[in-house]
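Encoded as structure tokens, the structure appears first; notes follow it.
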Amino acid sequence: MRKPIIAANWKLNKGPSDTEDFIRGFESKLASLPKGVDIVIAPPFVSLVKATELLSQSRVRVSAQNMSEQDNGAYTGEVSAFMLKEVFVQYVILGHSERRSIYGETDAVINAKILKAHEVELKPIFCIGETLQEREGGKLEEVLRTQITDGLKDVSEKQMLDTVIAYEPVWAIGTGVVATPKQAQDTHEFVRSVITDLYGVSVSEKVRIQYGGSVKPDNAAELLGQKDIDGALVGGAALEVASFADLIKNGVVE
Ligand code: 13P
């Protein structure tokens, strides 16, 4: 059985003081939430230290939303994997569609970042997903296969087991349009089959694949109830304590 993993991607929201408010509120609800789920929050860079300090004794883990593939040097505005490790961050979201489409990140860049994260034992949450045009044009499988194969180039079997995949159809992100449970399950099954092609079934059976894109408290149960959906990467509904807590409660049946 794969342990579900639910992560809050706060995107460009919550400085240190809002981060503290959220964490204090969320920690007070934690005892009432299911135990058999990994919970991760991903604040912006400036709030990471606050988050790891406040959560040092908690089961809630902290993720960055991005990082550089470089170690140090003349890369203005960048943050390295080593720096994230130094402040006790454990996960890093890589290849989010907003990074791909707004900041031009290619599969090759994302691959370099994934390899760098593993080098320092940060766990990547590796995002993939197709646009509506690609899905409607019959390119879904081709697009995902390329993103997966190129993004995971040179990633070892052992590293793969420490990689979380987040399937986020671009058309479902922030739109309120959610993939139907069947659409999501079918695509997750395909993603897992690509991992099987690359790593074999004993690895692919263990890799956790999150769904992301308009996950809310009222659709979490149906989505996370699907066989190949092992959690969620949540944007909007993870900004408020109550809705993130409800989403976890509804999504994880123990
Ligand atoms: P929403 O949950 O707001 O659709 O965002 C999804 C997402 O992009 C998480 O990474």
Side-chain angles (χ1 to χ4, degrees), residues 4-14 18-19 22 26 37-45 47-48 51 60-67 89-105 110 113-114 117 122-132 134-135 143-144 147-148 151 163-181 183-184 187-188 191 208-224 226 229-252:
I5 174 165
I6 298 182
N9 176 9
W10 286 348
K11 308 189 181 186
L12 185 44
N13 296 288
K14 297 194 194 294
D18 287 344
T19 295
F22 181 97
F26 189 72
V37 52
D38 289 336
I39 302 170
V40 179
I41 59 166
F45 285 129
S47 304
L48 289 172
V60 178
R61 302 284 185 245
V62 177
S63 174
Q65 299 175 15
N66 181 31
M67 60 166 224
V89 167
Q90 291 180 319
Y91 289 85
V92 57
I93 298 171
L94 294 174
H96 192 281
S97 69
E98 288 149 17
R99 301 290 325 164
R100 292 175 187 263
S101 67
I102 306 171
Y103 301 100
E105 288 192 14
I110 295 159
K113 292 185 177 192
I114 290 176
L122 271 174
K123 294 181 175 47
I125 298 177
F126 168 38
C127 303
I128 55 170
E130 83 288 0
T131 62
L132 191 57
E134 288 164 343
R135 180 175 273 262
V143 166
L144 295 181
Q147 288 177 348
I148 297 167
T163 304
V164 176
I165 295 181
Y167 167 61
E168 300 201 302
V170 176
W171 45 272
I173 295 177
T175 57
V177 181
V178 63
T180 65
Q183 273 176 327
T187 313
H188 278 233
V191 170
R208 296 185 290 182
I209 308 173
Q210 297 174 311
Y211 171 79
S214 298
V215 183
K216 308 284 177 210
D218 62 4
N219 61 23
E222 242 192 330
L223 287 163
L224 272 73
Q226 303 298 312
I229 301 184
D230 309 310
L233 184 55
V234 187
L239 289 172
E240 300 297 331
V241 168
S243 72
F244 191 48
D246 285 347
L247 189 156
I248 294 168
K249 226 182 267 178
N250 296 349
V252 181

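Each ligand, and each atom within it, is numbered from 1 in the order the structure gives.
Atoms CG and CZ, from Asn66 and Arg99 in turn, are 4.0 Å apart once rounded to the nearest 0.5 Å. Going from atom CD of Glu98 over to atom OH of Tyr103 covers 9.0 Å, rounded to the nearest 0.5 Å. We find the CD1-CD1 distance between Ile6 and Ile248 to be 5.0 Å, quoted to the nearest 0.5 Å.
Pairs passing the side-chain hydrogen bond (donor to acceptor under 3.5 Å, both in side chains) check and including a residue from residues 229-246, sequence neighbours excluded, read Arg2-Asp230, Arg192-Asp230.
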Give every donor-acceptor pair under 3.5 Å between a side-chain atom in residues 215-223 and any protein atom, sequence neighbours left out.
unit_1 : atom_1 : unit_2 : atom_2 : d
Asn219 : OD1    : Lys216 : N      : 2.7
Asn219 : ND2    : Ser214 : O      : 3.0

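By the side-chain hydrogen bond (donor to acceptor under 3.5 Å, both in side chains) test, Lys123 is found to be paired with no residue, residues two or more places apart in sequence or in another chain being considered.
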Distance dump, ligand 1 polar atoms to protein, N/O, under 3.5 Å:
unit_1   : atom_1 : unit_2 : atom_2 : d
ligand 1 : 2 (O)  : Gly235 : N      : 2.9
ligand 1 : 3 (O)  : Gly236 : N      : 2.8
ligand 1 : 4 (O)  : Gly174 : N      : 2.7
ligand 1 : 4 (O)  : Ser214 : N      : 2.8
ligand 1 : 5 (O)  : Lys11  : NZ     : 3.3
ligand 1 : 8 (O)  : Lys11  : NZ     : 2.8
ligand 1 : 8 (O)  : His96  : NE2    : 2.8
ligand 1 : 10 (O) : Asn9   : ND2    : 3.0
ligand 1 : 10 (O) : His96  : NE2    : 2.9
ligand 1 : 10 (O) : Glu168 : OE1    : 3.2
ligand 1 : 10 (O) : Glu168 : OE2    : 2.9

